[in-house]
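Only heavy atoms go into these numbers, but all of them, side chains included; no hydrogens, no water, no symmetry mates. In what follows, residues are counted from 1 in the order of the sequence shown.
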Amino acid sequence: MKRLISLLLIAVLSLSIFTSCGDTEAFADVTTDVAEYTYTSDAEEEPEATTSEEEETESVGLYIYDNTAVVEAYKSGDTSALEIDDLLIYMAAVDAIAEFYTEGMSDDEIALAAHDYITTRVTYDMDEFNLIGSAIAESSTPFGALIFGEAICMGYTTTFQLFMDMLGVESMIVTGSSDGEDHAWNMICVDDKWYHIDCTWDDFVPDYEGRRPFHTYFMVTDGVIGLEHIWDTESTPVADSEDYVYFFTHDCYAETTEELQAILEAETKDGDLRAEVAMPLDADLGYPTLSTASIYAYWRMDFESYSVVIYYLE
């Protein structure tokens, strides 16, 4: 499910919405090593009746893409066993990794680089929202994301998972729902702690050329993701650490108006007048004066212990 964001730029517009890793055996059933999980979509035709559980799984919804062959080819350097679709995914993934990955990166740096690559290069397949749900099947796999440049949430999720598996970062796919629709996202383990990452919800629509990445749902807790995501929490590890929340680790947390102004100036110094910042819950930091902007619009999200504000400046 993709959240649609449409903001009218006015002088001031406030939209307030909502609004241990080594022990992986207990969570083996939610990793991509197991192909039984499915993701349902209106894009699929009504399945025919089947007589076996295996046949029913094959008929209902979209598979979680099985990346085993591509990952093995990447690690071995031997692509001879790859089918044509997997070979094309492999080639596109290798090109992507060569662009965003540098030898020696830590796991959290790899996750951030992969997240930013996906959210700035993949466009949500808006045909999913048509009355008949006409998103192409490839939009639920890395083929759609990496080759067509379009995906639905499962395409974003399986592409991120593919990158993590190729680069050896412990992670998994989570399936559930959001806004009343089927949804999928990832979890990642860093320093023996688990975090949620939702690339789909960090890629706002409509896209624009040269868009910057946003990180509202990057490395967040169960409490943050659980405000608008529903899943079987018994089948996933606990994610309760804020150690790697983007805003805390990248100097994007403001407690005063002066700090907010400094962050906005740094965020917009390259000319993109979209900015992201976190601040204490219920904080009223006013509206800093920027030489590059005279109009403010923003989208505010209140989480457990902090608020995230996405600014649209003109």
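- Here the side chains of Met172 and Cys189 are not in contact, with every heavy-atom distance at 4.5 Å or above.
- The side-chain heavy atoms of Met154 and Thr175, taken from C-beta on, include a pair separated by under 4.5 Å.
- Contact check for Asp85 versus Glu138: no side-chain heavy atoms found under the 4.5 Å cut-off.
- For an aromatic pair to be called close, the ring centres must be under 6.0 Å apart, and Tyr312 with Tyr298 fails this.
- Atoms OG1 and CG, on Thr268 and Asp272 in that order, are 8.5 Å from each other to the nearest 0.5 Å.
- The two residues Ala151 and Ala145 have their closest heavy-atom pair at CB-CB, 4.0 Å.
- For the residue pair Ser307 and Arg300, a side-chain donor N or O sits within less than 3.5 Å of a side-chain acceptor on the partner.
- Note on ring orientation: taking the six-membered ring where Trp is involved, the planes of Tyr306 and Phe247 are tilted (angle from 30° to 60°).
- Side-chain contact, Glu109 with Ser106: a donor N or O sits under 3.5 Å from an acceptor N or O.
- Around atom CG of Asp95, more than 12 heavy atoms belonging to other residues, nucleotides or ligands sit under 6.0 Å away.
- Judged by distance alone, the side chains of Ser305 and Glu242 do bring a donor and an acceptor atom under 3.5 Å apart.
- Residues Tyr74 and Val94 meet the side-chain proximity criterion, which asks for heavy atoms closer than 4.5 Å.
- The NE2 atom of His229 sits 9.0 Å away from atom NE2 of His196, with the distance rounded to the nearest 0.5 Å.
- Hydrophobic clustering (side-chain heavy atoms under 4.5 Å, transitive across Ile, Leu, Val, Met, Phe, Trp, Tyr) groups Met301 together with Phe248.
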Could you pull out every donor-acceptor pair under 3.5 Å between side chains of residues 252-265 and any protein atom, sequence neighbours left out?
from   : atom 1 : to     : atom 2 : distance (Å)
Thr256 : OG1    : Glu259 : N      : 3.1
Thr257 : OG1    : Leu285 : O      : 2.7
Glu259 : OE1    : Glu255 : N      : 2.6
Glu259 : OE1    : Thr256 : N      : 3.4
Gln261 : NE2    : Glu265 : OE2    : 3.2
Gln261 : NE2    : Thr289 : O      : 3.1

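- Below 30°, between 30° and 60°, or above 60°: for Trp299 and Phe204 the angle between ring planes is above 60°, a perpendicular geometry.
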| Going through the checks in order, is the side-chain hydrogen bond (donor to acceptor under 3.5 Å, both in side chains) test met by His215 and Asp202? | CA-CA 6 Å; His215 306 90; Asp202 273 342; over 6 Å; no

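- Cation-pi geometry between Arg212 and Phe214 is satisfied (NZ or CZ under 6.0 Å from the ring centre, within 45° of the ring normal).
- Between Trp185 and Trp231, the distance from one ring center to the other falls under 6.0 angstrom.
- Between Glu99 and Arg121 there is a salt bridge, since a side-chain N of the basic residue sits under 4.0 Å from a carboxylate O of the acidic one.
- With rounding to the nearest 0.5 Å, the separation of OH in Tyr117 from OG1 in Thr159 is 10.0 Å.
- Legend: residues meeting side chain to side chain contact (heavy atoms under 4.5 Å, CB included) with Asp251, ordered by chain and number and at least two apart, are absent.
- In this structure, the separation between OG1 on Thr200 and CD1 on Ile152 is 9.0 Å, given to the nearest 0.5 Å.
- With 3.5 Å as the limit, one finds no donor-acceptor pair spanning the side chains of Tyr90 and Asn67.
- By the 30° and 60° cut-offs, the orientation of the rings of Tyr156 relative to Tyr124 is parallel.
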| Would Met164 and Ile188 count as a side chain to side chain contact (heavy atoms under 4.5 Å, CB included) if you check the C-alpha gap in whole Å, the side-chain angles of each, and the deciding distance to 0.1 Å? | CA-CA 9 Å; Met164 295 304 99; Ile188 182 173; 4.0 Å; yes

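- Under the 4.5 Å side-chain criterion, counting only non-hydrogen atoms from C-beta, Arg274 is not in contact with Ile310.
- Residues Phe100 and Phe163 place their aromatic rings such that the two centres sit under 6.0 Å apart.
- Counting heavy atoms from C-beta on, the side chains of Val71 and Met166 come closer than 4.5 Å.
- Remark: the backbone N or O of Gly180 is not paired with any side-chain donor or acceptor of Ser177 at under 3.5 angstrom.
- In this structure, CG in Leu112 is found 12.5 Å from CG in Asp107, a value given to the nearest 0.5 Å.
- Residues Asn186 and Gln161 bring a donor and an acceptor atom of their side chains to less than 3.5 Å of each other.
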| query | Would Arg211 and Thr123 satisfy side chain to side chain contact (heavy atoms under 4.5 Å, CB included), going step by step from the backbone distance to the final call? | reply | CA-CA 11 Å; Arg211 64 192 182 275; Thr123 297; 4.0 Å; yes

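- Looking only at atom types and distance, the side chain of Thr221 has no donor-acceptor partner in the side chain of Asp240 under 3.5 Å away.
- A donor and an acceptor atom, one from each side chain of Thr249 and Tyr244, are nowhere located under 3.5 Å apart.
- Ile84 and Leu162 fall within a single hydrophobic cluster, where Ile, Leu, Val, Met, Phe, Trp and Tyr side chains are chained together by heavy-atom contacts under 4.5 Å.
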| task | Check the pair Tyr217, Ile225 against side chain to side chain contact (heavy atoms under 4.5 Å, CB included), reporting the backbone distance first and the verdict last. | result | CA-CA 7 Å; Tyr217 298 96; Ile225 206 75; 3.9 Å; yes

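- The backbone N or O of Ala111 sits nowhere less than 3.5 Å from a side-chain atom of His115 that would complete a donor-acceptor pair.
- Here the side chains of Tyr65 and Ser140 are not in contact, with every heavy-atom distance at 4.5 Å or above.
- Heavy atoms from other residues, nucleotides or ligands lying under 6.0 Å from CE of Met91 number 12 at most.
- Here the straight-line distance linking atom OG1 of Thr68 with atom CG of Asp86 works out to 9.5 Å at 0.5 Å rounding.
- Within the 4.5 Å cutoff, side-chain heavy atoms of Glu228 are placed close to those of Asp179.
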